[in-house]
Amino acid sequence: MKRGWMVLGALVLVASGVPLTQVALDRGAAPRGTLALTHRELIVGWNGDENSGVSLTWSWAKPPQLDSISLAELVPLGVTCTGHRYECGFSGGRRGWMVVGVDTTMWDGQIAGVRHEIDSIRASGLPDSAAGLALRQRVDRLKQLVLYTSRLTLAAVGQDPDHLVRQWNDGKHLVLAATIHVYRDGWPTDTLPGHTPTFRVYAEPLPSSLYVPVEFAPALKDSVGTRLNLYDATIAVGSRWLPRVADVKRVAAPEWSADVP
């Protein structure tokens, strides 16, 4: 009986030690890539158990998908789409890789547009009441963009992570393991004769949330609740392609006095 318990204990130690060994090996070399994100792109995951730690989950500017993909472009993904089904390939998706990035062009353009509207209202000569209402609406929109609007987007998908790294090695993108789903764009019409089908590729990062090391957890305190807490987070992908939270820093709230009427 005693020997049985010893064997069981050894199995538990081995089972728990394998993931820890993988993590140690993953972090033992220089990261394959890093990406700096903000509280807008990585939000604190809800957790009802105070003892289970803190995690960050991905928040997207738009759904992580690529639209209007041709049948030929699916070949490198190892996906076939035959017959008349809405979803192509495996019903639960298949393992692949995704490239995520920060789209500052669209985000900066939106902010510049709202600031231009604010300046135009101030120069319009409208009555104080009308101008005040219009300005408050624009300032609320500006705050929404600056404080809550994500810039995280899907840039590409593929089956060869090393090729993706070489193609997107610019410091503004990160290659992540993912589950890939492929759907018909125009289903069921595109299954009829004379129609050329196009496809939508949807990618989900693996894992879907990232554990926050205990030393960084205080920077995320009160992020879920009534108090606004801003932070920047750096995500690193190690030698074994495991993403991790490499750093978290608090950020001071912006000043709005220049825009508030």
(request) Compare all side-chain heavy atoms of Met98 with those of Leu154 and state whether any distance is below 4.5 angstrom. (result) yes
(request) Begin with the C-alpha distance, continue with both residues' side-chain angles, and end with the deciding distance and a verdict on side chain to side chain donor-acceptor pair (under 3.5 Å) for Ser120 and Glu117. (result) CA-CA 5 Å; Ser120 298; Glu117 292 178 2; over 6 Å; no
(message) Taking Leu164 as the starting point, is it possible to reach Trp241 by hopping between hydrophobic residues whose side chains are less than 4.5 Å apart?
(response) yes
(request) Considering non-hydrogen atoms only, spot the tightest contact between Leu145 and Gln110 and give its length. (result) CD2-OE1, 3.6 Å
(request) Nearest 0.5 Å please: distance from the CZ atom of Arg138 over to the CG atom of Asp119. (result) 12.0 Å
(request) Give, for atom OG1 of Thr149 and atom NZ of Lys143, the distance between the pair rounded to the nearest 0.5 Å. (result) 14.0 Å
(message) Just verifying a value: how many Å separate Leu56 CG and His39 NE2, rounded to the nearest 0.5 Å?
(response) 12.0 Å
(request) Determine whether Val251 and Tyr148 fall in the same hydrophobic cluster, where Ile, Leu, Val, Met, Phe, Trp and Tyr are linked whenever their side-chain heavy atoms lie under 4.5 Å apart. (result) yes
(message) To check you understand the geometry: which heavy-atom pair defines the closest contact between Glu41 and Thr38, and what is its length?
(response) OE1-OG1, 2.6 Å
(request) Nearest 0.5 Å please: distance from the CG atom of Leu71 over to the CZ atom of Arg184. (result) 8.5 Å
(request) Would you please say whether a donor-acceptor pair under 3.5 Å links the side chains of Glu73 and Ser70? (result) yes
(request) Please test Leu176 against Leu206 for side-chain contact (heavy atoms from CB on, under 4.5 Å), starting from the C-alpha separation and ending with a verdict. (result) CA-CA 7 Å; Leu176 301 171; Leu206 295 173; over 6 Å; no
(request) Could you check Thr153 against Val100 for side-chain contact (heavy atoms from CB on, under 4.5 Å), going step by step and ending with a plain yes or no? (result) CA-CA 6 Å; Thr153 61; Val100 301; over 6 Å; no
(message) Contact between Val146 and Ile111 at the side-chain level, heavy atoms closer than 4.5 Å - yes or no?
(response) yes
(request) Look only at the side chain of Arg250 and the backbone of Asp232, and say whether a donor-acceptor pair between them is shorter than 3.5 Å. (result) no
(message) Any heavy-atom pair between the side chains of Trp58 and Leu42 that's under 4.5 Å?
(response) yes
(request) Please report the closest heavy-atom contact between Asp185 and Arg200, naming both atoms and the distance. (result) OD1-CB, 3.3 Å
(message) With clusters defined by side-chain heavy atoms of hydrophobic residues (ILVMFWY) lying less than 4.5 Å apart, directly or transitively, does Ile43 cluster with Leu174?
(response) no
(message) Assess whether a salt bridge exists between Arg151 and Asp108, defined as any Lys/Arg side-chain N lying under 4.0 Å from an Asp/Glu carboxylate O.
(response) no
(message) To check you understand the geometry: which heavy-atom pair defines the closest contact between Ile235 and Pro243, and what is its length?
(response) CG2-CB, 4.4 Å
(request) Look up atom CG in Leu147 and atom CG in Leu230, then write down how far apart they are to the nearest 0.5 Å. (result) 6.0 Å
(request) Say whether, by atom type as modelled, one donor and one acceptor occur between the side chain of Ser55 and the main chain of Leu210 under 3.5 angstrom. (result) no
(request) May I ask you to test the Asp67-Gln65 pair for a side-chain heavy-atom distance under 4.5 Å? (result) yes
(request) Kindly give the heavy-atom pair with the smallest separation between Leu35 and Gly171, and that separation in Å. (result) CD1-O, 4.1 Å
(request) Decide whether Trp60 and Trp168 are clustered together by the hydrophobic rule: side chain heavy atoms of Ile, Leu, Val, Met, Phe, Trp, Tyr closer than 4.5 Å, transitively. (result) yes
(message) Is the shortest side-chain heavy-atom distance between Trp97 and Val157 below 4.5 Å?
(response) no
(request) With the side chain counted from C-beta on, respond yes when Cys88 and Phe199 share a heavy-atom pair under 4.5 Å apart, and no when they do not. (result) yes
(message) Just to verify, which of Leu37, Leu220, Asp247 counts as forming a side chain to side chain contact (heavy atoms under 4.5 Å, CB included) with Tyr231?
(response) Leu220
(message) If I take atom CD1 from residue Ile180 and atom CG from residue Leu74, how far apart are they, to the nearest 0.5 angstrom?
(response) 11.0 Å
(message) I'd like to know if the side chain of Arg32 reaches the main chain of Ser239, judged simply by a donor and an acceptor atom lying under 3.5 Å from each other, with no hydrogens or angles considered.
(response) yes
(message) With a 4.5 Å cut-off on side-chain heavy atoms, are Val182 and Tyr202 touching?
(response) no
(request) Decide yes or no for Val237 and Val175: does some side-chain heavy atom of the first lie under 4.5 Å from some side-chain heavy atom of the second? (result) no
(request) Before giving the answer on side-chain contact (heavy atoms from CB on, under 4.5 Å), spell out for Val245 and Tyr211 the whole-Å C-alpha distance, their side-chain angles and the decisive distance to 0.1 Å. (result) CA-CA 7 Å; Val245 178; Tyr211 169 75; over 6 Å; no
(request) State, without any angle test, whether Glu204 and His181 hold a side-chain donor-acceptor pair at a distance under 3.5 Å. (result) yes
(request) Please report the closest heavy-atom contact between Thr198 and Ser68, naming both atoms and the distance. (result) CB-CA, 4.0 Å
(request) Measure from the side-chain N and O atoms of His173 to the backbone N and O of Gln167, and report whether any donor-acceptor pair falls under 3.5 Å. (result) no
